[in-house]
Every structure is written in C-alpha cells, then in structure tokens.
Amino acid sequence: MKFLVFSDVGKNVSEIATKLRDLGEVHSFTLKSQRDAVMKSGSKKLVLLDGTSFSGNVSEALLKSDLSGYDYVFIASTPLGRDIAGIISAKTGNMIASEAFDFTIDNGKIRTKRFFFGGKTIMEEETGAKIVTVSPGSFEPSESPDSPAEETITLPGSPEKLLEEKDREAGGTNIESAGIIVSVGRGIGSKEAIEKITPLVTATRGELAGSRPVCLDYRWLSEERQVGLSGKKVKPRVYIALGISGQIQHIAGMRGSKIVVAVNKDKDAPIFQECDYGIVGDLFQIVPKLVEKLKK
Amino acid sequence: MALNIIVLIKQIIDIDQMRTDPGTGIPVTQGIPLKVETLSKNAIEAAVKLKEKYGGKVTGIIFGTEKSNAAMKEAYAMGVDEGFIITGYPGNNPSLTAHVISEKIKSIQGFNVVILGNQSADSYTGVLPGLMAGKLSLPLLGNAVSIEEDSGSIKIRRALEDRDQIVSAPMPCIVSVTQEINQPRLPPVLQIMAAGRKPINTEQASLIDLPAGKVLSNLAPKSERKRLIFEDVEKGSEEVAKIIRGEIK
Ligand SMILES: Cc1cc2nc3c(=O)[nH]c(=O)nc-3n(C[C@H](O)[C@H](O)[C@H](O)COP(=O)(O)OP(=O)(O)OC[C@H]3O[C@@H](n4cnc5c(N)ncnc54)[C@H](O)[C@@H]3O)c2cc1C
C-alpha cells in the first residue's frame, strides 16, 4: 500500500509514519520548518512545503500531488489539519474517518476507533474512507535509519493573507510521556497560584498540565499542556487532578492513567467518580500537606 | 460595511444528561432533551455580535429534524433574524451534512460570511468547516478566537499548534470559531417570547446516497477506578502521599 501523511507539526507526521511504515510506503508532507522532526520517520519520500501556509493552499498542493496514487491520506488532527482534510474530501469526493486514535486496515476497509458523545463513548467504525484524521499523540514515534528522498514544493498563492504571526514559546514539554502529572483546573483561581503547586511537581518529579479553561481561556499554562478530548491524551502512572471538576471532555484525555488522584472542594464533583483516591477539600491546604508528607 | 451573515446551527441531545448503562456501556439516548450544540451557540453569538457592530442580517440554518423548532427559536432569541430548518438529518455523516447545507447556501443571495463551530460537542469530527469551504470553493478562516470586518475583508485571530496568527480573507468566506471566542448570551424573557412568534422556514433535504460508516460498537469505556474518597484531609493526604511515593521514579 501507499500512504500520504500530512501534518503542519513534524512530530505528528513521525507518529503516524511510524505506525504506517510497516504496512506500506509512506510519503510524508509537512511544512519546511518541520523538516528535522520528520527526517527519521521512515518515510520513503519527504515533501517540504515552502511558503506561507493556509488550509486552502496546502490543500491545493496536496491535490496536485496526484492523490489518486495513494491508498490512504492520513492527516494529523490539528486545527489546520482538520480544515485541510475537509477541503480535500470535498474536492475528491473521498470520505473521511475522523479523529482516529487507533486503526487497522483490512481488505480495502479501514476500522477506526474514536471518541463519541463528547468523550462518553468509544466508537469503532468500519468505512470505505480514504482520508483519515488522526488524533495527535496516538502513536509512539520511533526513529528509522532510512533517510527519505527530499523534495521541496513552493506553496501556491492564496486569497488568505497572513497579517501577523507570533511563535508561542514551545517549552518542549511532552506531557504524553510523563510518568507523573500534576494537573490543575479552574479551581486554581489565578496564574500566580500555580507557583503554589510547583513544589508538588518537584516533589513528584512530575510534569505540570491543565484543563482546557486553564490553558486556552485564561492561558495560565501553555496550550501544549492541555489534557482532554481537544488536548493531549496522557497515560501517566499517576495523574493528580487539582481543582478540576471532571467533565467528560477532560476525562477523555486522562483515562489511560494508571492511578488517578483527585482533590476538589466539592464532594459531588464528577472527578470523584473517575478517580482511585480522592480528597475533599481546599487544594491550597492539601497540596502543602502532600509535599510535606512526600518529603518525609 | 453591513454584513449578510449565515450561521450554521446544530441541534444535539444534551450529552451532559446522557448516561451510559453501567453494565453494558450502551449509551441511553432515549428521552434525553435536545439542545443547541455548544459551539453552535458560540457561532450564533459571534454572528449576532458582528451584526450589532456593523449592521446587516443573520440567517440561521439547521440541518435537523421536525424537532428542531426549539433550537431555531433559541437562535432567534439570541438575535438570529431569519431561520431555515432542513429536515431529514440522518445522523453523523459530515460529507452528507456538507452537501445538504452547501446546496442551501448556494440559494441565499449575497451572503458575506458563513460562521460555524470548529468541532461540535457530540460527534466532534471537526471536518465540516473544511468540507464547506471545499464544496463552496470559498476561503476558510479556521479556529477564530476573534472576528472583525476590515474594508471588505474578514480578519480573525487564531491559535494554531505552536503559533498565534492574525489572518484575513476577502468576502465571501467561511469562518469557524472555537469556544474561547465568546460567552454566548442568555436572552431575556421578552426576547424569548417574541422569538416564539417568529415564523420558521422548513424544507425537506434532498438527500444523496453517500455511504455512511458502519458502526461496529459505540460503548462507554469501562471505568475501574477504586473511588476511595477521603473527607478527612489529614488522613487523605497521608494515604495519598503513600500511594504517590510508591510511583516516583
Ligand atoms: C467540544 C469540547 C471540547 C472540550 N475539550 C476539553 C479538553 O480537551 N480538556 C478540558 O479540560 N476540557 C475540555 N472541554 C471543556 C470541559 O467541558 C469543561 O468545561 C472543562 O474541563 C472544565 O474545566 P475545569 O474542571 O478546570 O473547570 P470547572 O469545571 O470550573 O471546575 C473547577 C473545579 O474546581 C473546584 N475548586 C474550586 N476551587 C477549589 C479549591 N480551592 N480547592 C479545590 N477545588 C476547587 C470546583 O469545585 C470545581 O469542581 C471541552 C468542551 C467541549 C464542548
């Protein structure tokens, strides 16, 4: 089989290519800035897209790359990736299987697993889809010794214009591979209060993460630390949820954790249904106690 | 300039109220009330805010069922001016949804911008904005956290994986919004009452035959958590610290 893989994030290309390279030949497409993250993905061919990227002109470039020559097109489900998947589906008439976190291919049919009902259920589907969007972080990337043949394509012009762009400091955190995660929710109350949590992160040698409001609404933490349906899916040995209510969209991101600890002042908070150990109370009282006892 | 805005509205079951059978994991969808989908509310709010700022009109489209009147009335109460319900929604099949809605949009004269949520709260495919852009051959400004009009163009702010951008596109164009864009309004009672009297246009979808996926299973994952809850903070901290200590490496 022949696969086309695209993501605007190089790491995601490597994740998907690692899974696919045993099944067939992988041609990876990504933005030029992402080259280094894709070089060891085991792709046969690497196509770098040069120029200002929009969903429109990237789709155009992919459509020009003779998509009919590929059995499947895999696109990482990033904001840009989802838009591109939709556009090329509309233009080619091929169906999309979306948000897959696992898949198998058998006899021209693809079986995918994804969350449904906001994360309350897992849906397994069998479709004739030729385009698949893959939830980032679903597969562990591993390095391949084979280098790809490289090619650079200049992106076509577009009606969209980029007026301003700011890189967010990528801290390079990778909460997906953390052994212990200390995760904070809206209950933390302010950005400054995160300092009061740091001693627990240090004492557990853990990584800091957060709920969607903390990462996106208030930006108290960077987006790469967001856990949940629309964030990272994590599977640490211990997940410590502080001031997180436990809405289903959050649970969908931490279900793979071995042990879940929850601290919440509301004893009816849904997080207590999804934890192994819960403490009802004020997180600002409980965190110092935990730190003190861990140091003993 | 005054804007002629189309907003796409989805009606879903209230998934917060939906339970799954503790034994079998089967979702119990019977008898769960319907509501306007979360991101659709953000889309309506964004559309109405633009109208309030620049003048113009907001047209709502629901691809739904005979039961979608309540959702359209809620959209009216929030400030939508005219509404179309297209009945015949067969369930989650984004390609079909995009086909039906784009055919309807082609019949609406002189629209400037189509606004919709970036990923709906139930099925969460996230591909409808791209599908719409592809079907209508219009530029797509995806994942907006703010929208404004700027001399004939639409300008949005958005957060991509690793960068924040301000981008623009000429009108007409499609804009998808994220839930961070606004706090949808709760309309006052008077507006809700007035909305109840406003006519709704209903028409039947002309469906085409597009293969939907075969659902092999759709079940709640098993949760086998211990659920040991301590209300005694001192004792709880002691026990939890013991557990955590065993896992530190
Ligand atoms: C399509 C869609 C996708 C989504 N994706 C995600 C996602 O990926 N990740 C995500 O997290 N959410 C996601 N959400 C949002 C989700 O529905 C919830 O709104 C969100 O998870 C709530 O975050 P929270 O628990 O931090 O805040 P809240 O629900 O406000 O909970 C705060 C909690 O803190 C407790 N608290 C307050 N003060 C204290 C204190 N001093 N000590 C102890 N406890 C305290 C409160 O009792 C409360 O339970 C999504 C929603 C939608 C519709």
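Reckoned from all heavy atoms, side chains included, excluding hydrogens, waters and symmetry mates.
Classification of K267(A) and E231(B) as a salt-bridged pair fails, no side-chain N sitting under 4.0 Å from a carboxylate O. Using a 4.0 Å cut-off between charged side-chain N and carboxylate O, K120(A) and D122(B) make no salt bridge. The pair E164(A)-R157(B) fails the salt-bridge criterion, with no side-chain N (NZ, NE, NH1 or NH2) lying under 4.0 Å from an Asp/Glu carboxylate O. Ion pair D150(B)/K161(A) not flagged as a salt bridge, since none of the NZ, NE, NH1 or NH2 atoms sits closer than 4.0 Å to an Asp/Glu carboxylate oxygen.
Contact annotation for I248(A): neither backbone nor side-chain heavy atoms come within less than 4.5 Å of a heavy atom of chain B. Looking at S55(A), only its side chain comes within 4.5 Å of chain B, counting heavy atoms on both sides. Heavy-atom distances place both the backbone and the side chain of K166(A) under 4.5 Å from chain B. The contact between E223(A) and chain B is made entirely by side chain atoms (from C-beta outward), counting heavy-atom distances below 4.5 Å. E238(B) touches chain A through backbone and side chain together, each having a heavy atom under 4.5 Å away. If you measure heavy-atom distances from L229(A) to chain B, the contacts under 4.5 Å come from both the backbone and the side chain. Looking at I13(B), only its side chain comes within 4.5 Å of chain A, counting heavy atoms on both sides. With a threshold of 4.5 angstrom between heavy atoms, K155(B) approaches chain A through side-chain atoms but not through N, CA, C or O. With a 4.5 Å cut-off on non-hydrogen atoms, K258(A) touches chain B through its backbone and its side chain both. Q273(A) touches chain B through backbone and side chain together, each having a heavy atom under 4.5 Å away. Neither the backbone nor the side chain of S135(A) comes within contact range of chain B; no heavy atom of the residue lies under 4.5 Å from a heavy atom of that chain. Heavy-atom distances place both the backbone and the side chain of R255(A) under 4.5 Å from chain B. Residue S230(A) touches chain B through both its backbone and its side chain, counting heavy-atom pairs closer than 4.5 Å. Of the two parts of F115(A), only the backbone, made up of N, CA, C and O, holds a non-hydrogen atom closer than 4.5 Å to a non-hydrogen atom of chain B. No part of A98(B) comes within reach of chain A, as not one of its non-hydrogen atoms sits under 4.5 angstrom from that chain.
With sequence neighbours left out, the ring pair (Phe, Tyr, Trp, His ring centres under 6.0 Å) criterion links Y54(B) to no other residue. With sequence neighbours left out, F116(A) forms a ring pair (Phe, Tyr, Trp, His ring centres under 6.0 Å) with no residue at all.
Residues of residues 29-41 of chain B having a heavy atom under 4.5 Å from any heavy atom of chain A, listed by number: T29(B).
Heavy-atom contacts from other residues, nucleotides or ligands closer than 6.0 Å to NZ of K135(B) number more than 12.
Side-chain N/O atoms of E274(A) and S223(B) include a donor and acceptor closer than 3.5 Å.
Per-residue counts of heavy-atom pairs under 4.5 Å with chain A were compared for A169(B), A241(B), G236(B), S168(B); the largest is that of S168(B).
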Pairs of donor and acceptor atoms involving the side chains of residues 210-218 of chain B, under 3.5 Å and at least two apart or interchain, shall be tabulated with distances.
{"unit_1": "N218(B)", "atom_1": "OD1", "unit_2": "T121(A)", "atom_2": "OG1", "d": "2.6"}

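The backbone N or O of D276(A) lies less than 3.5 Å from no partner atom in the side chain of R227(B), so there is not a single donor-acceptor pair.
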